[in-house]
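Take a look at the structure set out below.
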Amino acid sequence: MVPVDQGGGMMRADLLAETITGLDEALTAVDAFDRTLVAGLLRPQPAQTDGLTGLAHAVAGTPLAARAAEAAEKAACGSAGEDHFIALAAARTALLGSAHDALMTRVEEMTGRSRSEETVPPPTGQQPVNLLAAARSWLSDLARSGWQGIDHEMVSGAAPVVSAMLPDPALRRPATLLDGFAAELAASCPGASLERIPARRWADLWSRALLLTLPGAADVPVTGTATGRLLPLGVDVHEHATAVQAQVHAVFEPADGSTPRLVRAGVAVPKPDTVVGAGLWQLLRPHMSLLAAIGEGRSMNLTDMPVTAEGDLVWSDEHAHRGEPADPFVTARVVLPTATDAATAPLDRHPARIAVPVFLEGYAAQDDDGTLTFTLAEAPLTVDTDRIPTAGPLTPEAVAASGACIGLLRWDAGTYLVQPLAVETTVRKKAVAIHAGGWAGGTTDKAGAKAEKAATDAVAVLRERAGRLLRK
């Protein structure tokens, strides 16, 4: 372990195993409500009524109490309207938000870092009311039918709404969520034949989509600018069949000498399903010079880069230029412990969205039937190797042989996990650092270069076909 006064990010790993008061009760109430959406709320049964009243009781004593109680009563009678569904979604979101806050408080105790005191401003934007109302209507019909009642006709009702919303940048966030949600439901139709229903996931998507239809809720306001040095820690890659996102986690050192803080910089692009692995970087690189700097192991100097209260840099290459070499492990050991964590917007307060950069060292790695754990001070921490992207040189084997790790602390299925972003290990008796984003700026690695070439060929063919279609 690294001594407290010398940096490091994992001082009290044992705290993660301690019981959090009220957490189980909050999640139990959420699960009970989620089960009411399985059969739908058109003709609720007694078991569904219990789930609805349980949700209302869980937020009793809060500003949502009266509206949640009324919504639960109306839904139990099968007469809930859009406003009632919004109230139920808000109560569910508030419960998960309280769980998020409790889990984050434990993380702060464990890392010794504090959270930013900056508050996320309330939404002020205006979006076309008719399109938001159409989206709410579809989501309300979905709640009435339930997951077991979905069919292709029901799900296809989202298509015209999404098509009308996507051209408007102010509506792209809820439109993208609705589009992905509808596609997932369509792939599962008919609901009556499903052997397993992902009740928590679909309820998450439903409630979030419903709240994003409230005017201004989808806004992500820029609250300031960042001028100083950006020190990357690692890259988290999210890949879907038709899209890919790279999210860079970093420490930002303000030029005015104020306290360093954790920030993120992300880029997302559409992709053909034939482009996978290291080929993904070809699609991402043109949109963010930061990726090339990461591949070279460099910092970035920012000048007036727009930034949100949540610590998300609204990346623009004109506000950034390459800096001096910067070792992420030096940053993790020396600067990370002094940084403040970013604030969290109300709609983002959800246990599944916890992703806190941490530095681990001095652990014992053990693989037990395919489950890798790091043991620090006799406290085991599960390693989420499934999240390691194929678009980089980092592998589960390298993680298992490592002695230090930069990762994201997450919470899933009732326990804390660490997702590795980079590790220090020994290869052929030589100490090396291996990064998940090691190929972000390009690679001479045989496997990576082969994937890059395959992606180049695939993209060239697609462009040629697209050009041919446009010429017709």
* **Close side-chain approach of Met104 to Arg349, heavy-atom, < 4.5 Å** => no
* Note, Leu262 side chain near His249 side chain (heavy atom, < 4.5 Å) -> no
* pair Ile354-Leu103: side-chain heavy atoms closer than 4.5 Å -> yes
* Asked: What residues, two or more places apart in sequence or in another chain, satisfy side-chain contact (heavy atoms from CB on, under 4.5 Å) together with Ala326?
  -> Leu231, Ser299
* Do NZ/NE/NH1/NH2 and the carboxylate oxygens of Asp348 and Arg208 come within less than 4.0 Å? -> yes
* Under the 3.5 angstrom rule, does the side chain of Thr308 hit a backbone N or O of Asp312 as a donor-acceptor pair? -> yes
* Side chain of Arg106, backbone of Glu18: donor and acceptor closer than 3.5 Å? -> yes
* Salt bridge Arg229-Glu324, side-chain N to carboxylate O under 4.0 Å -> no
Side-chain donor-acceptor pairs of residues 377-391 under 3.5 Å, sequence neighbours excluded:
{"from": "Asp384", "atom 1": "OD1", "to": "Asp386", "atom 2": "N", "distance (Å)": "3.3"}
{"from": "Asp384", "atom 1": "OD2", "to": "Arg387", "atom 2": "NE", "distance (Å)": "3.0"}

* Asked: Only one of Leu290, Leu313, Ile294, Asp317 forms a side-chain contact (heavy atoms from CB on, under 4.5 Å) with Met300, so which one is it?
  -> Leu290
* In plain terms, say whether Asp204 and Arg92 are close enough for a salt bridge, that is, a side-chain N and a carboxylate O under 4.0 Å apart. => yes
* **Side-chain donor or acceptor of Thr425 paired with backbone N/O of Ala401 under 3.5 Å** => yes
* Asked: Tell me, do Val251 and Arg261 make a side-chain contact under 4.5 Å, heavy atoms counted?
  -> no
* To do: Might you work through the salt bridge (Lys or Arg N to Asp or Glu O under 4.0 Å) test for Arg333 and Glu424, ending with a clear yes or no?
  => CA-CA 13 Å; Arg333 287 185 169 96; Glu424 286 183 334; 2.9 Å; yes
* To do: Assess whether side chain to side chain contact (heavy atoms under 4.5 Å, CB included) is satisfied between Val356 and Glu108, documenting all intermediate values.
  => CA-CA 10 Å; Val356 181; Glu108 291 167 19; over 6 Å; no
* Do Val244 and His238 come within less than 4.5 Å of each other through their side chains, counting heavy atoms only? -> no
* Report yes or no: does His435 contribute a side-chain atom to a donor-acceptor pair with the main-chain N or O of Gly437 at less than 3.5 Å? => no
* **Side-chain (Trp206) to main-chain (Leu139) donor-acceptor, under 3.5 angstrom** => yes
* Any donor-acceptor pair under 3.5 Å from Thr426 side chain to Lys429 backbone -> no
* To do: Indicate yes or no for a side-chain donor-acceptor contact from Tyr363 to the backbone of Thr373 under 3.5 Å, with no hydrogens or angles considered.
  => no
* Do Trp202 and Trp147 have their ring centres less than 6.0 Å from each other? -> yes
* **pair Pro357-Leu408: side-chain heavy atoms closer than 4.5 Å** => yes
* Nearest heavy-atom pair of Ser188 and Leu194: which atoms, and what distance? -> O-CD2, 3.4 Å
* Asked: Do Leu421 and Gln419 have side chains that get closer than 4.5 Å, going by heavy atoms?
  -> yes
* Quick check: does any side chain N or O of Thr28 sit under 3.5 Å from a backbone N or O of Asp24, one acting as donor and the other as acceptor? -> yes
* Worked check of side chain to side chain contact (heavy atoms under 4.5 Å, CB included) between Cys405 and Phe374 -> CA-CA 10 Å; Cys405 173; Phe374 290 162; 4.1 Å; yes
* Asked: Would a distance-only check, ignoring hydrogens and angles, find a side-chain to backbone donor-acceptor pair under 3.5 Å from Asp368 to Thr371?
  -> no
* Would you find a donor on one side and an acceptor on the other, under 3.5 Å apart, between the side chain of Arg113 and the backbone of Thr340? -> no
* Which residues satisfy the side-chain hydrogen bond (donor to acceptor under 3.5 Å, both in side chains) test with Asp412, sequence neighbours excluded? -> none
